[in-house]
Amino acid sequence: MKGKRLLAAISGSGLIRRGNKPSNKEKNQTSLGKRIWVNWELYLFLAPCLLYFLIFHYGPMYGIQIAFKNFIPSKGIMDSPWVGFAHFERFFNSYYFWDLLWNTFSLSFYELIIGFPLPIILALAFNEIRNGPFKKTVQTVTYAPHFISVVVMAGMIIAFLSPSTGILIKFMEWFGIDAPNFLSDPAWFKTVYVLSGVWQSTGWGTIIYLAALSGVDPQQHEAAIVDGASRFKRLLHINLPAILPTITILLILNMGNILTIGFEKILLLQNSLNMESSDVISTYVYRAGLVDAQYSFSTAVGLFNSVINVILLVTVNRIARRTSENSLW
Amino acid sequence: MVTSIKESKGDKLFLVSVYLYLIVALIVVLYPLIYILSASISSPQQVNTGEMWLFPKEITWAGYQLVFANPKIWNGYLNTIIYTGIGTLLNLTVTLPAAYALSRSDLVGRQAFLGFILFTMFFSGGLVPTYLVVRDLGLINSMGALILPVAASVWNIIVARTFFQTTIPKELQEAAYMDGCTNLKLFIRIVLPLSAPIIAVMALFYGVSHWNSYFPALIYLNDEAKYPLQMVLRQILVLQEMTAETTGAALSGDAARAMNSKAETASLIKYGVIVVSTLPIVALYPFLQRYFVQGVMIGSVKG
């Protein structure tokens with residue numbers, strides 16, 4: 001989901017490189033000062049927004065330095081003593097470092113493998129059928145879970161999978177399947193997390209692909225029909241290529257976010273029994289930083305996470321740029 | 001879709017499997033929603049034993065009575081309405097003028113401003129530094145902590161900007177300029193009235209995210225009376241239930257039976273509260289779906 005929002009934002013901003021982009025250089029002869037002065041009100045329009053980003057986004061970036069310091073609240077960010085990479089070393093050398101990294105990575109990867117292709121398949125299926133009440137119903141229903149809050153989602157998961165009363169467990173019993181305790185068994189945590197995410201966001205995820213599919217020229221299909229191409233062949237050779245750029249961009253963004261996962265849901269589903277597979281970097285940052293008040297250490301762990309993300313994003317983008325014509329910047 | 005003159009056997013088979021796939025998807029998504037609705041008006045025994053699995057059984061409104069009698073839920077509801085209302089208003093006043101300014105090609109420094117905003121999508125200070133900023137501003141335990149740190153979203157700014165860029169004709173702005181109309185007047189008298197769809201989309205996106213958010217409240221609020229609905233839900237749906245599930249396994253005999261009767265009242269209130277909290281959005285959703293979808297579409301069209 002996060003990837004999709006990013007895609008929308010970036011493609012809207014014109015940052016995406018897709019073949020040749022017309023440059024909009026229309027500089028007139030008037031002086032710079034005059035061009036600024038004429039639109040002074042527009043800068044006023046922008047001011048609250050820029051101020052917001054300065055305070056609430058660049059402000060925290062300034063605070064990152066406490067990752068290299070021993071933050072003492074009474075001394076403030078500036079005057080706390082420097083400790084270099086001590087917090088990072090402590091994190092890398094801790095026994096849970098590899099567990100956290102593995103959980104974060106495997107959960108993200110699992111989510112990507114299962115969750116990424118499904119909206120594509122669903123969108124292609126929507127595209128095959130005629131507009132009508134059936135299509136509209138399926139779309140309305142599958143989009144709906146997107147609006148369910150993460151708390152209600154967690155509540156539903158717990159209710160449906162409760163070992164004593166959960167209806168899914170009852171179904172499994174009726175079919176003679178011995179149901180595991182999904183909520184406390186570490187082996188099942190990731191599956192529960194991923195599949196509930198699929199339930200909630202697959203439908204909504206189709207919209208971005210449907211937008212791309214609506215741009216397919218019907219003449220292409222007509223020509224293919226004349227050539228005797230089957231529906232499936234047309235799907236493979238016309239529709240799929242039409243959404244390939246969207247797929248590539250979303251994949252890049254998702255890869256760049258591989259260490260950032262739906263931390264709010266994990267936090268809600270986490271309990272002492274499934275901790276060994278549910279503890280990820282972001283939940284650890286939360287516990288160490290805000291529950292145990294180890295500000296500097298937690299900031300260091302968070303910074304590690306952000307840096308990995310940026311490196312991954314840049315790397316994947318570079319690969320995409322080499323191998324296809326679609327990439328961010 | 002393209003209507004073909006004659007569908008081959010393979011095509012028919014393919015189409016049938018597409019329909020089957022969509023029907024399965026429909027059932028999988030719809031079933032939990034129906035179950036929740038049915039469970040909210042069925043007797044808890046029927047629900048907890050699995051007797052009720054699709055349609056309501058032994059209809060009772062006791063769950064809703066418990067929900068409506070619970071002052072915590074009412075209080076949370078009221079708080080959420082206030083936070084959502086004021087928060088969304090703030091979002092709109094920050095987002096729309098900025099997006100309009102960024103949509104103007106004659107704005108000197110546009111790319112730099114855009115870069116300044118976009119950069120925050122790829123790199124952030126992280127949880128603790130953000131928390132420290134909010135704390136240093138003295139916002140802890142106040143409504144400000146819930147609405148100021150999310151006063152604008154990069155994505156929504158870009159969506160609104162794309163809308164302004166594609167729907168407000170440049171000639172309009174030039175004509176207004178010739179008439180001596182200022183940018184402020186232009187924006188308020190001409191641009192905004194033409195932008196009803198994007199205002200709706202923005203209000204909806206921001207509104208839903210305020211309504212559904214719990215994490216800022218978890219970290220910034222410590223006074224229960226200020227809790228939004230989602231925090232109350234967290235107590236009812238997650239904390240209580242999780243404890244019941246993880247400790248229940250170890251108990252046996254009387255203790256387990258006592259646990260069960262407690263579980264029954266809990267389940268009565270559980271489904272009711274899910275319905276009551278999600279209803280405002282779900283009830284509005286079919287009417288507003290067009291706008292939501294439009295929002296995503298605008299965002300995905302390259303500007």
Side-chain angles (χ1 to χ4, degrees), chain A residues 5-6 8-9 11-14 24 35-36 39 41-42 45-46 48-49 52-53 56-57 59-61 63-64 125 128 130 138 140-142 147-149 151-152 154-155 158 162 165 167 170 183-184 207-208 211 218 221 225 230-232 264 268 271 273 285 289-290 295 298-299 302 306 310, chain B residues 1-2 4 10-11 14 18 21-22 26 29-30 35 48 50 53 94 97-98 101 107-108 117-118 120-121 123 125-130 132-133 149 151-152 154-155 158-159 162 183-184 208 212 214-215 219 230 233-234 237-238 241-242 245-246 274 278 281 285 293 296-297 299-300 302-303:
Chain A
R5 300 190 133 215
L6 283 174
S11 59
S13 71
N24 49 341
R35 279 191 288 137
I36 294 175
N39 285 325
E41 285 164 302
L42 294 183
F45 285 6
L46 262 174
C49 177
Y52 160 73
F53 281 99
F56 289 102
H57 291 268
M61 287 184 211
I64 284 179
E128 286 304 312
R130 247 179 230 106
V138 183
T140 306
V141 169
T142 51
F147 298 98
I148 291 175
S149 77
V151 174
V152 167
I158 296 168
S162 153
T165 58
I167 191 69
K170 292 280 190 290
L183 299 174
S184 55
I207 297 175
I208 202 151
H221 278 282
I225 291 169
S230 69
R231 267 177 176 273
F232 186 65
E264 297 196 348
L268 291 167
N271 57 47
L273 298 173
V285 167
L290 297 184
Y295 292 146
S298 168
T299 305
S306 306
V310 171
Chain B
M1 263 327 298
V2 186
S4 47
D11 274 0
F14 176 67
V18 166
Y21 171 70
L22 289 177
L26 179 69
V29 178
L30 196 57
Y35 179 85
N48 289 346
W53 64 275
V94 173
L107 178 80
V108 178
I117 291 171
L118 280 170
T120 63
M121 277 202 317
F123 194 77
L127 184 65
V128 170
T130 309
L132 291 177
V133 165
V154 181
W155 183 62
I158 302 297
V159 170
T162 310
N183 277 317
L184 184 68
V208 169
N212 283 342
Y214 87 95
F215 191 66
I219 60 177
Q230 299 295 332
L233 288 177
R234 177 174 166 266
L237 295 175
V238 179
E241 294 291 314
M242 233 7 158
E245 292 305 340
T246 47
I274 290 181
T278 317
I281 293 175
Y285 161 68
V293 173
V296 179
M297 296 270 196
S300 65
K302 55 174 179 168

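Naming convention: chains lettered A, B, ... in sequence-line order (proteins, then strands); numbering from 1 in each chain.
Nearest heavy-atom pair, B:V133 versus A:G59, reported as atom, atom and distance to 0.1 Å: CG2-C, 3.8 Å. When every heavy atom of B:V128 is checked against every heavy atom of A:G289, the shortest pair comes out as CG2-CA, 3.8 Å. Taking both residues in full, the closest heavy atoms of B:P129 and A:P60 are given as CB-O, 3.3 Å, listed atom of the first, atom of the second, then distance. Contact between B:A101 and A:L46 at its shortest, heavy atoms only, is CB-CG, 3.9 Å. Closest non-hydrogen pair, B:I117 versus A:C49, comes out as CD1-SG, 4.0 Å. Between B:F123 and A:V310, the shortest heavy-atom contact is CD1-CG2, 3.7 Å.
If you measure heavy-atom distances from A:Y52 to chain B, the contacts under 4.5 Å come from the side chain alone. Both the backbone and the side chain of B:F215 come within contact range of chain A, each with at least one heavy atom under 4.5 Å from a heavy atom of that chain. Heavy-atom distances place both the backbone and the side chain of A:V141 under 4.5 Å from chain B. Heavy atoms closer than 4.5 Å to chain A are found in both the backbone and the side chain of B:L30. Residue contact with chain A, scored on non-hydrogen atoms closer than 4.5 Å, involves the side chain of B:V208 exclusively. Both the backbone and the side chain of B:T130 come within less than 4.5 Å of a heavy atom in chain A. The contact between B:L132 and chain A is made entirely by side chain atoms (from C-beta outward), counting heavy-atom distances below 4.5 Å. Heavy atoms of B:F14 lying under 4.5 Å from chain A belong exclusively to its side chain.
Heavy-atom pairs under 4.5 Å with chain B peak, among A:S306, A:P48, A:A154, A:G302, at A:S306. For the options A:T299, A:V151, A:V138, heavy-atom pairs under 4.5 Å to chain B are most numerous at A:V151. With chain A as partner, the option from B:L22, B:V94, B:I219 having the largest number of non-hydrogen pairs under 4.5 angstrom is B:L22.
Remark: B:N183 engages A:N39, B:R104 in a side chain to side chain donor-acceptor pair (under 3.5 Å) (not counting sequence neighbours). In this structure, the side chain to side chain contact (heavy atoms under 4.5 Å, CB included) partners of B:L184, at least two apart in sequence or on a different chain, are A:E41, A:F45, B:T182, B:I188.
The backbone N or O of A:T165 lies less than 3.5 Å from no partner atom in the side chain of B:N48, so there is not a single donor-acceptor pair. A donor-acceptor distance shorter than 3.5 angstrom exists from the side chain of B:Y214 to the backbone of A:E264, with no hydrogens or angles considered.
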Between B:V154 and A:F53, does a side-chain contact (heavy atoms from CB on, under 4.5 Å) hold up when you go through it step by step?
CA-CA 9 Å; B:V154 181; A:F53 281 99; 3.7 Å; yes

Criterion side-chain contact (heavy atoms from CB on, under 4.5 Å) on B:T278 and A:I148, from CA distance to verdict
CA-CA 7 Å; B:T278 317; A:I148 291 175; 4.3 Å; yes

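Once rounded to the nearest 0.5 Å, the distance linking CG of B:L233 with CG of A:L268 reads 10.5 Å.
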